[in-house]
Enquirer: 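Below is one structure. I have some questions about it.
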Amino acid sequence: MVIKMKKDRSFCLWNNDSIETRWLRLKRYYSLNVTIYEMAPHAHSEMEIMYVTYGECEITCIDRQGNFRTQKLKKEDYVIIDAGIFHSLSVRRDGLCRILNMEILLEQAAGDFRIGDLLQRSGGLKAFLNKDEDYSFLSDKNNEMLFLIEYIQHYNSSKLNKAESSLALNYYLTQFVLILARHSDAKEKGSKGNRYIKKVKEFLEQNYDSDIRISMIAEKLNVSEAYLQRLYKQTEGESIIRTLQRIRMEKASVLLTNSKLPVIDIAVSVGINSRQHFSYVFTKEFGCSPKDYRKMKGYSEMYEGFGKYNFKGH
């Protein structure tokens, strides 16, 4: 399949040199309630928002270089697809999937609302619109975007005073682009945060047998110790020290079960130099002492610390 992309970017959200003089106009709004569904690749002259309110689906987007990306969307996930970008929709699993769609045209501003006015007040929006993107998959955990979509639809078809409806609609369209930028920024920070979490876990797995300090990890990642601890706790639900302790005790349990190493040697091998402290932490983790754990899980005869050895035949 050969897909030709339009070169005109005057209607695009990203990399649009004339974006400052443009404003938004809702072109179409509709909802899809489907079970098994396949939509062929297509593109619009408008940017499109597809928001999943129930079930799940797969969206495939094709960027201007011809690269394909397929993303699964679940409830509260949405995608914004720029004008001229080919995309398709697939609902493969049995069960209802409900999707809200908006197609919004970027046209020459004719009234009091212009993208340029927002750019002067929002550095976040400026950074968002300067991204080299053709589409963006985002999440709406607080339902901000969902409420805005519903309000935009309401005031677009409102039978109230035309001037008042237009003012309200443009107000919500303003909020729409600002929330897009905020959700994109949150996604980027979340992705960066996830990289930090991954690196912390890798460091703990590789160095659990050493004297580890959080300040040491923070310095390697070039972030503050307080930020790293807060990020890790928020993401993993436990502290870095708790994860380290769990890794050490899991390694120790394997050695107790499958080796004849003395307990003190096992303690040292997992980064704890005190047998007493090791026994305390191990008991807290598994509900029994290392010695009792070994009896239950390991060999019946083991060397315990520097106790007496029973060498039969000597």
Side-chain angles (χ1 to χ4, degrees), residues 71 123-124 127-128 130-133 136-139 141-142 181-299 302-307:
Q71 179 78 25
F128 173 66
N130 284 336
K131 289 183 176 180
D132 186 20
E133 293 187 342
S136 185
F137 294 100
L138 301 169
S139 293
K141 299 307 179 185
N142 295 322
R182 189 160 72 245
H183 284 178
S184 177
D185 183 60
K187 175 186 174 183
E188 190 172 298
K189 288 180 177 177
S191 177
K192 192 173 185 180
N194 288 336
R195 290 198 297 271
Y196 288 147
I197 299 301
K198 182 180 178 182
K199 288 185 178 297
V200 169
K201 289 182 175 180
E202 288 176 351
F203 184 87
L204 296 180
E205 284 285 352
Q206 294 168 5
N207 299 280
Y208 66 88
D209 57 345
S210 304
D211 181 20
I212 294 178
R213 301 181 186 278
I214 296 175
S215 57
M216 178 196 311
I217 305 174
E219 185 177 351
K220 285 182 176 293
L221 297 179
N222 197 29
V223 297
S224 74
E225 184 177 343
Y227 168 76
L228 187 60
Q229 291 191 85
R230 184 172 63 254
L231 173 67
Y232 195 92
K233 183 68 179 290
Q234 290 174 347
T235 306
E236 297 300 304
E238 65 181 19
S239 67
I240 297 174
I241 294 300
R242 173 69 186 108
T243 300
L244 174 60
Q245 176 180 296
R246 184 163 43 76
I247 291 172
R248 283 172 166 170
M249 294 305 101
E250 287 171 356
K251 303 292 185 183
S253 70
V254 172
L255 291 174
L256 285 166
T257 303
N258 299 293
S259 80
K260 293 186 177 183
L261 284 172
V263 171
I264 184 59
D265 290 354
I266 291 176
V268 171
S269 73
V270 297
I272 300 176
N273 294 322
S274 165
R275 175 170 174 164
Q276 183 179 3
H277 180 63
F278 172 74
S279 295
Y280 170 79
V281 174
F282 190 93
T283 301
K284 189 175 180 181
E285 186 76 22
F286 290 98
C288 64
S289 68
K291 182 177 180 179
D292 290 339
Y293 185 90
R294 171 169 268 175
K295 286 179 180 178
M296 290 188 294
K297 302 286 187 178
Y299 299 102
M302 295 291 171
Y303 299 118
E304 292 297 338
F306 297 98

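Keep in mind that this is a model prediction, so the values were computed, not measured. The analysis underlying the following values was restricted to heavy atoms, covering all of them including side chains, and did not include hydrogens, waters or symmetry mates. Residue numbers start at 1 and run along the sequence shown.
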Enquirer: In Å and rounded to the nearest 0.5 Å, what is the CD to OG distance from Glu250 to Ser253?
Expert: 6.5 Å
Enquirer: Check for a donor-acceptor pair, side chain of Lys220 on one end and backbone N or O of Val200 on the other, with a separation under 3.5 Å.
Expert: no
Enquirer: Can you find a heavy atom in the side chain of Ile214 that is under 4.5 Å from one in the side chain of Gln229?
Expert: yes
Enquirer: Taking the inter-plane angle between the rings of Phe282 and Tyr293 on a 0 to 90° scale, is it parallel (under 30°), tilted (30 to 60°) or perpendicular (over 60°)?
Expert: perpendicular
Enquirer: Of all residues at least two apart in sequence or in a different chain, which pass the side-chain contact (heavy atoms from CB on, under 4.5 Å) check with Glu188?
Expert: Lys131
Enquirer: Just by modelled atom types, is the Leu256 backbone N or O under 3.5 Å from a matching donor or acceptor in the Arg294 side chain?
Expert: yes
Enquirer: Is the CD atom of Gln276 crowded by more than 12 outside heavy atoms at less than 6.0 Å?
Expert: no
Enquirer: Distance-only check: which donor-acceptor pairs under 3.5 Å involve side-chain atoms of residues 238-249, not counting sequence neighbours?
Expert:
from: Glu238; atom 1: OE2; to: Thr243; atom 2: OG1; distance (Å): 2.6
from: Glu238; atom 1: OE2; to: Arg246; atom 2: NH2; distance (Å): 2.5
from: Ser239; atom 1: OG; to: Arg242; atom 2: N; distance (Å): 3.0
from: Arg242; atom 1: NH1; to: Glu285; atom 2: OE1; distance (Å): 3.0
from: Arg242; atom 1: NH2; to: Glu285; atom 2: OE1; distance (Å): 3.3
from: Arg242; atom 1: NH2; to: Glu285; atom 2: OE2; distance (Å): 3.3
from: Thr243; atom 1: OG1; to: Tyr232; atom 2: OH; distance (Å): 2.9
from: Thr243; atom 1: OG1; to: Ser239; atom 2: O; distance (Å): 3.3
from: Arg248; atom 1: NE; to: Tyr208; atom 2: O; distance (Å): 2.8
from: Arg248; atom 1: NE; to: Val270; atom 2: O; distance (Å): 2.9
from: Arg248; atom 1: NH2; to: Tyr208; atom 2: O; distance (Å): 3.2
from: Arg248; atom 1: NH2; to: Ser210; atom 2: O; distance (Å): 2.7

Enquirer: Within the distance-only criterion (no hydrogens, no angle test), does the side chain of Asn258 pair as donor or acceptor with the backbone N or O of Val254 below 3.5 angstrom?
Expert: yes
Enquirer: Side-chain contact, heavy-atom cut-off 4.5 Å: Pro290 with Ile266?
Expert: no
Enquirer: Taking side chain as C-beta onward, heavy atoms only, is Val223 less than 4.5 Å from Tyr196?
Expert: yes
Enquirer: Any non-hydrogen side-chain atom of Arg182 less than 4.5 Å from a side-chain atom of Phe128?
Expert: no
Enquirer: Using side-chain contact (heavy atoms from CB on, under 4.5 Å) as the criterion, list what pairs up with Lys141, not counting sequence neighbours.
Expert: Glu76, Asp77, Ser139
Enquirer: I need the Leu138 CG to Ser184 OG distance, nearest 0.5 Å.
Expert: 6.0 Å
Enquirer: Return the CD1 to CD distance between Ile212 and Gln206, rounded to the nearest 0.5 Å.
Expert: 10.0 Å
